[in-house]
Number of protein chains: 2
Amino acid sequence: MSGPKYAIIARDLKEKINKGIYSPGELIPSENELAGLYKVSRMTVRRSLSLLNNEGYTYSVPGKGYYVCEPQQHKYELSYNEASMPGIVPEATKLLDVNIVNSTKQLRLELQIDNEIKLIRIKRLFCSAKNPVAYDIKYIPYKRGEPIIEKEIRFANFPELVAQRNSLFTVNKELRIYCEKAKPEILELLQLGKEMPVVVIKQKFFDSSNKPLGLGFTYINPLRFSIQAYSFK
Amino acid sequence: MSGPKYAIIARDLKEKINKGIYSPGELIPSENELAGLYKVSRMTVRRSLSLLNNEGYTYSVPGKGYYVCEPQQHKYELSYNEASMPGIVPEATKLLDVNIVNSTKQLRLELQIDNEIKLIRIKRLFCSAKNPVAYDIKYIPYKRGEPIIEKEIRFANFPELVAQRNSLFTVNKELRIYCEKAKPEILELLQLGKEMPVVVIKQKFFDSSNKPLGLGFTYINPLRFSIQAYSFK
DNA sequence: TAGTGGTCTAGACCACTAG
DNA sequence: TAGTGGTCTAGACCACTAG
């Protein structure tokens, strides 16, 4: 019963949806009706309702009203940073290689670039105190004359590297997690037997017009891999 | 230059943040200043600013103003439904077992229940047209006298099963993805060799007061596993 | 035509910040 | 004390819906 009016009304309406008094697909009372019921101005009701809309309880249709949503059952929020996975010791990170390389056909396809564009390729090995945990390789289209500062690259994470040229607020990111039988050299770096698959986390970044900005693969010792996700709010 | 005033102002402010005209940690002009600059009422400016706040561009401190946020680099949105993973044919789902079982020590710990509480245990095998893809096991605390309808259970997903007693809007969900060397019986069901690790997706559901409502493990053939996640908006 | 949500205003009062 | 964001109001006009 405490807090501002708009919050009390929002709490009350959410409770009614949770109890099934208003069910998915149904209309809840109109803004004007609610303003009357709660004895507040229409703007205050609108504020409550925009909270419900933002939190996925309702959606509004002009001329009709506010409908109760079907609950989002399968959405989770995930936090991933390749450079700070559980067990990794930042100081033990090995920068294996930084180079300007030619693109391959696959990379040109992924990054949507022409033949003549070269790539900055960064290879790193993330380690725990004693053992290798993940092998990481990143590709970023190279712009001529751009300086490459090894010290920065060693500790920078992928978003930071890409953001040197783009606002991080506008970068769209895509993550794919899967397993595969890796090439022998990767298995060797991770000290894994021939039969073992590795977990691969593929990261792809895009600018606001969906032009690819960078591509990364992290190959993880499967028995060291773990990632967590949570429902919203 | 189109759309309502509040959207135009929000777009303009976001652009200024993207361009670095306003940088993370800095204050942007106050509501009153902006109202003057854009020649609109303070309420319209507030509407623009609440958009920026919601989208993670800014946060506001009463008495001080609106600060530009550090960009969220590592957040992704993930959609996961064990019953509709890529490659799985719903009709090929095998309901291996539904039973009321005693809890084990580990399950009592996970589900925070007493000795005498029994569990509904559901074992399923998700298959492609030809092969097993994932073995799935769920535990839900059993309430005496509750009917168990096999047909419903076979096709229901975990959120739906739990939601029979709780509003899906209020259920908090937790997902953990990792690899492990599975027990022989699981490897056999998935037709995997002894050396292969499996991907495990552990799901845990909680009510609004964080009391566990259900626990599930999905053991996936690693070479059939794939999951995608995207940055917000 | 009556009702719905969407946009916008000009004004009020509040608690909080910081000189 | 002047300025900040937070809350709330009563009213206006709009496009859209549906009888």
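In what follows, every chain begins at residue 1, and chains take the letters A, B, ... in the order their sequences are listed. Below, each value reflects all heavy atoms present in this structure, side chains not excepted, and no hydrogens, waters or symmetry copies.
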> Relative to the ring of B/Y67, is the ring of B/Y59 parallel (under 30°), tilted (30 to 60°) or perpendicular (over 60°)?
Replying inline: parallel
>> Can you work out whether A/P62 or A/A7 has the more 5'-proximal nearest nucleotide on DNA chain D?
In response: A/A7
> Can you tell me how far C1' of D/dA15 sits from NZ of A/K64, to the nearest Å?
Replying inline: 15 Å
> Just wondering, do B/R224 and B/S128 contact through their side chains at under 4.5 Å, heavy atoms?
Replying inline: yes
> For A/Y66 and B/V45, take the nucleotide of DNA chain C holding the closest heavy atom to each; which residue's nucleotide lies nearer the 5' end?
Replying inline: A/Y66
> In whole angstroms, how far is the P atom of C/dC8 from the CZ atom of A/R47?
Replying inline: 17 Å
> Is NZ or CZ of A/R124 both nearer than 6.0 Å to the six-membered ring centre of A/F126 and within 45° of the ring axis?
Replying inline: no
>> Would B/K5 pass as a cation-pi partner of B/Y38, given that its NZ or CZ must be under 6.0 Å from the six-membered ring centre and within 45 degrees of the axis?
In response: no
>> Rounding to an integer number of Å, can you tell me how far A/L49 CG sits from C/dG5 P?
In response: 8 Å
> Looking only at N and O atoms, is any donor in the side chain of A/R42 or the base of C/dG6 less than 3.5 Å from an acceptor on the other one?
Replying inline: yes
> Any idea which heavy atoms bring A/Q203 and B/Y76 closest together, and the distance?
Replying inline: NE2-OH, 3.2 Å
> Reckon B/T44 has a side-chain N or O less than 4.0 Å from the OP1 or OP2 of C/dT9?
Replying inline: yes
>> Measure CE/A/M43 against P/D/dA12 and give the value in whole Å, please.
In response: 15 Å
>> I want to check one thing: is the phosphate of D/dG11, taken as OP1 and OP2, less than 4.0 Å away from some side-chain N or O of A/S41?
In response: no
>> Nearest whole Å is fine: how far is D/dC8 P from A/L51 CG?
In response: 11 Å
>> Rounding to an integer number of Å, can you tell me how far B/I9 CD1 sits from C/dT7 P?
In response: 13 Å
>> Output the rounded distance in Å from CZ (B/R46) to P (C/dA10).
In response: 17 Å
>> For DNA chain D, report each stem as range with range, ordered by first number, or say none. Use Watson-Crick or G-U wobble pairs under 3.5 Å, at least 3 in a row.
In response: C:1-18 with D:1-18
> Parallel, tilted or perpendicular: which fits the ring planes of A/F217 and A/Y139, with parallel below 30° and perpendicular above 60°?
Replying inline: perpendicular
> Taking all non-hydrogen atoms of both residues, which atom of A/L49 and which atom of A/T58 are closest, and how far apart?
Replying inline: O-OG1, 4.2 Å
> Is any side-chain heavy atom of A/P159 less than 4.5 Å from a side-chain heavy atom of A/V171?
Replying inline: no
> With respect to the phosphate group of D/dG6, does any side-chain polar atom (N or O) of B/S60 fall under 4.0 Å of OP1 or OP2?
Replying inline: yes
>> Test side chain to side chain contact (heavy atoms under 4.5 Å, CB included) on B/L111 and B/I117; report intermediate values, then the result.
In response: CA-CA 10 Å; B/L111 292 167; B/I117 302 275; over 6 Å; no
> Which whole-number value in Å describes the distance from A/L52 CG to C/dG5 C1'?
Replying inline: 15 Å
>> Counting only heavy atoms and a strict 4.0 angstrom limit, can you tell me which residues of residues 30-39 of chain A come near DNA chain D?
In response: none
